[in-house]
Amino acid sequence: MKAVELEKSYNPKDFEDRIYADWKDNGCFRPSSEATGKPFTIVMPPPNVTGILHMGHALNNLLQDTLIRYHRMCGRPALWVPGTDHAGIATQNVVERQLKARGLRRQDLGRERFVEETWKVKEKHHAIITKQLEKIGCSCDWSHERFTMDDGLSRAVRESFVSLYERGLIYKGNYLVNYCTHCGTALADDEVEYKNLPGKLYQVRYPHADGSGFITVATTRPETMFGDVAVAVNPADERYRELVGTMVILPLANKPIPIIADSYVDMEFGTGMVKITPAHDPNDWEIGKRHGLEMVNILNPDGTLNENVPEAYRSMDVLTARKAVVKDLEAGMFLIGKKEHNHDVGHCYRCSTVIEPYLSEQWFVSMEQMARKALDAWQDGKLSFYAKRWENTYSHWLGNIRDWCISRQLWWGHRIPVWYCDSCGHMMVERDDPSECMACKSKDIHQDTDVLDTWFSSWLWPFSTLGWPDDTDDLARFFPTSTLVTGYDIIFFWVSRMIMASLEFLDDVPFSDIYITGLVRDKMGRKMSKSLGNGIDPLEVVDQYGADAMKFTLCYMAAQGQDILIDMESFKLGSRFANKMWNATRFLLMNLEGRKLVELQEDSLQVMDRWMYHQLNEAAAKVATAIESYRFNDAAQTIYDVFWNDFCDWYVEATKHSLFSKDDAQRDRQVSVMLDLLASLMRLMHPFVSFITEEIYQKLPNTTGRVIDAPYPRHSENRSYPEAKAIVDAMQEFVRGIRSLRSELQIPPERKLHVVFRPDSGFVATQFIESHVELISSFIGASDLDIDENHASEVGKTVPVAGLGFEAFVFVRDAIDVDSELKRIESDLVKTEKSLEGTLKKLSNAQFLANAKSEAVDKEKGKQAEFEEKLEKGRKHLALLRTLQE
RNA sequence: GGGGGGUUAGCUCAGUGGGAGAGCUCCUGCCUUACAAGCAGGCUGUCGUGGGUUCAAAUCCCUCACCCCCCA
């Protein structure tokens, strides 16, 4: 073989793009048609098409990538469906902002041209987000890519709307909804974010209609008084019992309204009298319904006051009106006080405008029945959340569900498939666009102007992307999907609704496992946000450290159920690891010159080889367990340890001797084993560090094809070598003991030591050390290493080192400071004595012996022997050193 | 008001019933030709507080404190 030259340092830019293109162009991301296992499917949570990939997306998608690569290598047909979401409000906002920059409003273009314009923007942004997903290495099947407004998905949306309508689960009605005056649309309850803000609590006098004085109500929103239809008191409130049923006069409007009794009223709050504004407050809405009160809407859709308020206030926006009303109340002596008051104010989750409760005609999905089914599916064990505690969130939300407002007064989105006849008023809910009224045959029909909530298309995602409502092969093969990876912020919006839709339309859960990722935060624990400027751009991480470094670092830090706190520096972890992989490979490949691959026989494996196979085998078992229980950090830590600590620090170092020996057969054998191990390690690590493992794998002379397609290492009894493990463990203890002594005594590396190794009889590594004197000597920097079971320590010349099953004596009399050495051993002895004491206490406890598991008792006994041996040797060495003190 | 989470080394965090861990930082010594993005060695803990269960608690239960999130 020829030596292979690798660049001196790891430079991911040299190969990441090339490798991605190679994978993509060669269909590596498509589910294998040969794989016979049970399909493994993930649908990617579709990012907002006009959004930009942020760290949360990176985490989320890289974990999906890890899963899909693992299962693909395990031989399952693996499908990862990518796609994007049309994000109604957000996208419309983006386009409107662009128009505004040109001095235009969407109304200037008209609906049709505006939508055309939006499609153009969508196309442009789509390329960006796709490119970003590729850049970070997502191995999703682009041939399956979908967009929520594709023809197919649009058909799914329409089918689901019409069929729910037919089942009586969709209805239209005049209700109080959350309305964003900036976006000009209704929002669902869970699209409102509440922020606690300082405000004022105004105390306002309403005169009795009979002129007998005043009552006082407290309100944070005096401008809504024109929508007041009553004043309520608690029926149990003795102070006001007499007043119930009498009338008061609404100031400024001069309108009489009744005093009513309702137990909703909190007697302690304010004056215990509440103005009731059913059209502008959800609680008042409920009260209004209970008491059959009129609903007086005082707002226009743009948030200004309408004709239901006195003329002076019309066309004012809410805040202006509030000031004007307060001023006029003051002037009329109606305002008798105001105080600071913090309260929760709803804001639009897309634009942060204050939400107005607004009475309007909207479409709703009736949720109770579907929620029941979704709850049952969970209770029947068909769904598992990781971490499990999210199941509480899920079940709690479903148990307290409210109907879902799905109409949006936007132009961008799926238009509601409902038509109205302008001649006879007939309403049609149709799968195919009608051309005439089905009742009166009039051609004079128009479609509902509203569009559907974007989530009304995303909730179909796990099956609409696979071809539903058609009976497709994809649907048969890949549905239900396996795992959903998403953030906890959309358990309500999306996860629960997908489960409901799936159960409703396909009578099955959409996925069985739901992995909830943590939130990516900065080092101070703050959410990454544009306004704080504390975000990290994933592409910048890729640019600086490479996609592998980013992925490995995120996996390493992704402890189940925990948020991830990172800064740019954090990615050094992954970067260093990749660099280590690069250099270990570089070393091996530069030693290939003139070597040839030999077939590896079981009996040609030496102790170190067996040990390394054993470690690799154990690691494979640990990684499999970790991944299958969604413990990404455990998996990442396992490969880190086995590659760095075992392979690089011990195995490669140990094999340098055979690699540099004169014996060609020995060298060929060693190179062949190392290449085999390295190839296996690349396969093991590929899901976590994908590009570099591919780059390295393909450079290895003992591999063919791509690592992405290679089989994943599985734990195998044939690769378990506990004897080799015991030997190497013992050897390592010896080596560490000497190294530690050398370091403590500050003996410089160039000074080679004379060491006598004295094993107890039956010590497990004696033979190994005997036959590897040269190797061990290099580990400990010895010029002479004698093995002598009967060695009698030479007082005055050596320093003793003790280990389990052996002692060693180092000829460094001149180097030691006896007093500090005594101190060191003494403090060791104290620790050991304490440990022994604890163990003896347990073993002398009859309760312990009676109740503890037998393994626990055996373990304690083992510890006792170990501590006693340590103590004995330590005391002997102490005595030995004391003779030097004189 | 209801629910959930967190509190372990200087920092960021693993660790769910039997001898306190990792990475980073820090200290010491090394450019040992794969890697100074490295090697070898080392320091550091009342596992938030107080109680309980248990032969045995960082781990299970309860109390309290502080921090964070969600819902109303």
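Chain naming here is simple, since letters A, B, ... match the order of the sequence lines and numbering starts at 1 in each. Note that this is a predicted model, so its numbers are computed, not measured. Hydrogens, waters and symmetry mates are skipped; everything else that's a heavy atom, side chains included, is used.
- Listed nucleotides A34(B), U28(B), G4(B) differ in distance to N392(A); the shortest reach to its side chain belongs to G4(B).
- For N583(A), the listed nucleotide lying nearest its side chain is C35(B); candidates were G19(B), C35(B), U12(B).
- Rounded to whole Å, the distance from NZ on K580(A) to P on C24(B) is 12 Å.
- Here A34(B) is the nucleotide among C71(B), A34(B), C55(B) with the atom lying nearest to any side-chain atom of A584(A).
- A sub-4.0 Å separation between OP1 or OP2 of G18(B) and a side-chain N or O of K859(A) is absent.
- Ring planes of F492(A) and W397(A): parallel class, angle under 30° (limits at 30 and 60°).
- In the set C13(B), A37(B), C70(B), C13(B) carries the atom at the smallest distance from any side-chain atom of Q562(A).
- With hydrogens and angles left out, the side-chain atoms of Y651(A) and D609(A) include a donor and acceptor closer than 3.5 Å.
- Of the N and O atoms on the side chains of S570(A) and D567(A), at least one donor lies less than 3.5 Å from an acceptor on the other residue.
- Between K656(A) and A34(B) there is a side-chain polar atom (N or O) within less than 4.0 angstrom of OP1 or OP2.
- Comparing G5(B), G42(B), A34(B) against the side chain of S740(A) picks out G42(B) as the nearest.
- The distance from atom CG of L554(A) to atom P of C13(B) is 14 Å, rounded to the nearest whole Å.
- Using a 4.0 Å cut-off, no side-chain N or O of S9(A) falls inside it from OP1 or OP2 of C35(B).
- In the set C30(B), C69(B), G18(B), C30(B) carries the atom at the smallest distance from any side-chain atom of P749(A).
- Nucleotide G2(B) holds its P atom 23 Å from the CH2 atom of W397(A), rounded to whole Å.
- Nucleic acid contact for A559(A): sugar-phosphate only, since backbone atoms but no base atoms lie under 4.0 Å from a heavy atom of the residue.
- Where G561(A) and K8(A) each meet RNA chain B at their nearest nucleotide, the meeting point lying more 5' is that of G561(A).
- Atom CD in E7(A) sits roughly 14 Å away from atom P in C35(B) (whole-Å rounding).
- The phosphate of A14(B) has neither OP1 nor OP2 within less than 4.0 Å of any side-chain N or O from R631(A).
- Per the geometry, CG belonging to L741(A) stands 17 Å off P belonging to A40(B), to the nearest Å.
- Side chain to side chain, E868(A) and Q864(A) meet the donor-acceptor criterion of an N or O pair below 3.5 Å.
- Between the side chains of S778(A) and H657(A), at least one donor N or O lies within less than 3.5 Å of an accepting N or O.
- At A40(B), none of the side-chain N or O atoms of R742(A) fall inside 4.0 Å of OP1 or OP2 (strictly under the cut-off).
- In this entry the distance linking CZ of F643(A) with C1' of C35(B) reads 11 Å, nearest Å.
- Atom P of nucleotide G41(B) and atom CG of L745(A) are separated by 15 Å, given to the nearest angstrom.
- Remark: W644(A) is in phosphate contact with C39(B), judged by side-chain N or O atoms under 4.0 Å from OP1 or OP2.
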